[in-house]
Q: 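Handing you a structure now.
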Amino acid sequence: MEMQARVGRLLFKNPVLTASGTFGYGREAAELYDLSLLGGVMVKGVSRDPWPGNGPIRIARIPGGMLNAIGLQNPGLRHFLEVDLPFLRHYDTQVIVNVVGHDEAGFVDVVRGVHGQPGVAGIELNISCPNVADGLLFSQDPDRAGRLVGLVRQETSLPLIVKLSPNVTDPVEIGAACQAAGADALSAINTVIGMAIDVERRRPVIGIGSAGISGPALKPVALRIVYDLARKLDIPVIGIGGIESGRDALEYLMAGARAVAVGTAVFRDPLAPPRIVAELARELAAQGFAAVDEAWAAANPEARRRQSR
Amino acid sequence: MRPREIRVVERLQPAPDCVELVCEFPEDEGPQSGQFYMLSVGDGRDTYLPRPFSFYRVFSPRRLSFLFRVVGPGTRFLAGLRPRDRLQAMGPLGRGFPLPDGPERAVLVAGGVGVPPLWSLARSLLGLGCEVTALLGARTRSAVLGRPELEALGIQVLTATDDGSMGHRGPVTELLGGIEADGLYACGPEGMLRAVRDIAAARPLPRTYLALEAAMACGYGICLGCAVERAQPDPALGAYGTYARVCREGPVFRWDEVRI
C-alpha cells in the first residue's frame, strides 16, 4: 500500500498524525512506541510565555467522548525550543508546531521563534481553542482570521495550517479567508463547546463552566465540515474529530481530507495512532485502493470535480 | 507503564455496594503502593474514558485486585464483570508512597473507598519492621472497607463512623489525636485529606503523604486534565508550574507540596 500523503507542500510518510493537545510533546507516547511510525506529530499548543492553564476541574466524562477545559497549559516557547523540539528531532516524523497566542503579537512572536529551527516541518495556528478567554477571537470572524494569517505569513515560509473552529455558522467562510491570506492547509476541527452539570453540587462539572467536546461524538460534526471545506475550497484539509480506527480515518479521506489527526482516542487506547496506521492500510486494500491518494474525496464528487478543473 | 489485557479471576463483594475484582496480569507486576492503573470501563459508548484505580491487594506477582464502590456507569460495568472476563489495563502509573529508610511508627488513614493503596503499603511497612496502625473511616458500619483484610496482616485497625455505628463517632482524623506517629499516609475524600494536612502542619509531621484523586482522561501525563495546584511552584517553569499533574507528579504528594 502506498501510504504517503501530501498536504499541500507537506509530505507525510502516512496520513496519520497525532492531534494537538492530546499528545503533549511526544515524550509520554515515546515510552510506548516509536514515534517514527507516525506520519506526523502536531504538538501541544506553544505560547510565547508559559501559560498556567485553567483551575480544576478540567475534565468531564460524557457518552461518546469527553469534555476538556485544560486552557492551553504549556511551558512556553523557550522550553519548547530548548527541551521539547530537540527530543522530537530524534524521530523520523514530521513535527507540526501548534501555535497559540492571546493576541496577534503573541502568535507572531512564537512563529518568529519557531521559523528556521531544524526539525520543524510546519506550523498550525490554533485560532480555535474554546477554553481560554480570547481563544475564539480569531476563529469566528473571517476578517480577523485572515488578518492574523496574513501577519504570520510575512514571518515564515514554513507550511502554514490553520485549525478551524466548529463553533461558527459557516466554517467555509473562515477557511476561505485563511486561504486568501496565504494559509497552506486547514485542519478541522477543534472541539465543539459544551457543558455538563453536576447535579449534587448544582453547578457545571467543569471549573470554568463550559468546555470542549471531543471523542467519537464529534466525528459526524467534523466529517460534515471537512466535506464542505473540500468541495468548496481548493486548500487541502487535515481531518480531526473522533478518529478511533482505520475505518474512521478512511471516512475522512473519502470525505476529502488529505490526512487525519488522532486526538482523544489516545486517552482510551494509548497505542491508537500506530494501530490506526496499520488498520488504514488494511481498510484501503479492502476497498480496492492501491494508494492513500486514490481514496481522497472518493465520497465527495464535487471535491474531485473541483480538483480536476 | 504499558497497556495490556488483564483477566478477572475472582469477584468478591466486601460490602453491599462494593466489589473487589481479583485480576490476572500477563506478566509479573511490581507496582509501588499508591500507583494506579487506568481500567477500561465499557464499550466506549456510555463510558468512553478509562478510569483510574489504585490496586488493592497483591496475591502473587501477577495477581492484583481492585476495590471500588459502584457509583456510576463505569463502576457498574466493572461490577458486572465475572471470572474469565477481560479488560484493558494501562499501568502501573504515577508516583507511589515513599517508604521510610528504616523502622518507624506508621499510621495509615483511609476514608471510605480510600483504603486500596494502603493495604500493600501496610505490608511493605511491616516488611521494613515498622509498627503499623490503620485508621478507617466511613459514613456508617457497612461502608467501612478493608478492616478484615488489614487485620489479617497483623496490624492494629481502629475505625470511626459518622453515625457511631462502628468505632469512634466522628471524623476518622479525630483518632489521630491519641496516636504517636513518625509517618502518616492518607487516602480518602478531600475534606479528610485537608484535615490530615492540617495535623501534619500542626505537629509538625513532615513524613505525611496524601494520595489524591482527580478527574483524568489519560493517566499517563498527556491530557493535563488532572491538575492540582502546587504549593511551591518551580520558578524555572514560570506560570506553567502553577499546576502539577496528579497522574505523573502524584497521585501521592507530601502534605506541603500541593494546595488542596
Side-chain angles (χ1 to χ4, degrees), chain A residues 18 21-29 31-33 44-45 47 49-76 78-80 196 198 205-207 211 214-217 242 244 263-272 275, chain B residues 1-5 38-52 71-75 77 88-91 93 190 212-230 233-248 258-260:
Chain A
T18 53
T22 50
F23 202 68
Y25 301 97
R27 209 173 286 277
E28 292 80 9
E31 294 176 30
L32 298 171
Y33 59 88
K44 171 92 179 149
S47 53
D49 306 308
W51 283 4
N54 295 323
I57 293 172
R58 293 176 170 186
I59 294 278
R61 294 184 286 268
I62 58 169
M66 62 179 288
L67 295 176
N68 92 79
I70 308 303
L72 296 174
Q73 176 179 347
N74 84 91
R78 177 185 290 184
H79 189 275
F80 175 71
D198 183 326
V205 175
I206 299 287
S214 65
E244 297 274 300
T264 296
V266 304
F267 300 155
R268 192 172 154 78
D269 175 10
L271 303 177
R275 171 175 59 75
Chain B
M1 98 180 170
R2 62 195 181 287
R4 59 285 180 58
E5 199 172 69
M38 294 297 281
L39 301 183
S40 59
V41 291
D43 61 7
R45 196 189 55 190
D46 294 332
T47 47
Y48 182 77
L49 294 175
R51 292 272 307 275
V71 290
T75 43
F77 168 85
Q88 295 295 317
M90 165 86 169
L93 299 165
E190 212 164 88
L212 304 193
E213 256 201 311
M216 56 179 75
C218 71
Y220 62 102
I222 57 172
C223 77
L224 307 186
C226 56
V228 59
E229 197 177 340
R230 292 182 208 257
D234 176 354
L237 295 175
Y240 176 67
T242 306
Y243 298 102
R245 297 168 295 186
V246 170
C247 75
R248 276 251 159 166
V258 289
R259 283 187 213 284
I260 53 171

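Not measured: the values here are computed from a predicted model. Heavy atoms only: backbone and side chains are in, while hydrogens, waters and symmetry mates are out.
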Q: Rounded at 0.5 Å granularity, tell me how far CD in A:Gln73 sits from CZ in B:Arg245.
A: 8.5 Å
Q: Tell me whether the count of non-hydrogen atoms from other residues, nucleotides or ligands lying under 6.0 Å of CZ in B:Arg2 goes above 12.
A: yes
Q: Mind checking the NZ-CD1 spacing from A:Lys44 to B:Ile222? Nearest 0.5 Å is all I need.
A: 10.5 Å
Q: So which residue, A:Gly76, A:Gly24, A:Pro270, A:Pro56, ends up with the most heavy-atom pairs under 4.5 Å with chain B?
A: A:Pro270
Q: Is the terminal nitrogen or CZ of A:Arg268 (NZ for Lys, CZ for Arg) located under 6.0 angstrom from the six-membered ring centre of B:Tyr48 and within 45° of that ring's axis?
A: yes
Q: Who wins among B:Ala214, B:Ala215, B:Pro50, B:Ala217 for the most heavy-atom pairs under 4.5 Å with chain A?
A: B:Ala217
Q: Atom CD of residue position B:Glu213 - does it have more than 12 heavy atoms of other residues, nucleotides or ligands inside 6.0 Å?
A: no
Q: Which bit of A:Asn54 comes within less than 4.5 Å of chain B, counting heavy atoms only: side chain, backbone, both or neither?
A: backbone
Q: I'd like to verify something: which residue of B:Cys223, B:Cys226, B:Gly238 has the highest number of heavy-atom pairs under 4.5 Å with chain A?
A: B:Cys223
Q: In terms of heavy-atom contacts, does CZ of B:Arg51 have more than 12 from other residues, nucleotides or ligands at under 6.0 Å?
A: yes
Q: Using heavy-atom distances under 4.5 Å, tell me whether A:Val266 contacts chain B through its side chain, its backbone, both, or neither.
A: both
Q: Using the rule side-chain contact (heavy atoms from CB on, under 4.5 Å), only one of A:Pro75, A:Ser47, A:Pro52 pairs with B:Tyr240; which is it?
A: A:Pro75
Q: B:Met90 and side-chain contact (heavy atoms from CB on, under 4.5 Å): which single residue from A:Leu271, A:Leu32, A:Asp269 fits?
A: A:Leu32
Q: Of all of A:Ile59, A:Val205, A:Asn68, A:Thr22, which one pairs up most often with chain B through heavy atoms under 4.5 Å apart?
A: A:Ile59
Q: Using non-hydrogen atoms and a 4.5 Å limit, figure out which bit of B:Met38 sits close to chain A: side chain, backbone, both or neither.
A: neither
Q: At a 4.5 Å cut-off on heavy atoms, which part of A:Ala265 comes close to chain B: side chain, backbone, both, or neither?
A: both
Q: Between A:His79, A:Met66, A:Glu244, A:Arg61, which has the largest tally of heavy atom pairs under 4.5 Å with chain B?
A: A:Arg61
Q: Heavy atoms only: give me the nearest B:Tyr243-A:Gly55 pair and the separation to one decimal.
A: OH-CA, 3.1 Å
Q: Hey, does the side chain of A:Arg58 reach the backbone of B:Leu224 with a donor-acceptor pair shorter than 3.5 angstrom?
A: yes
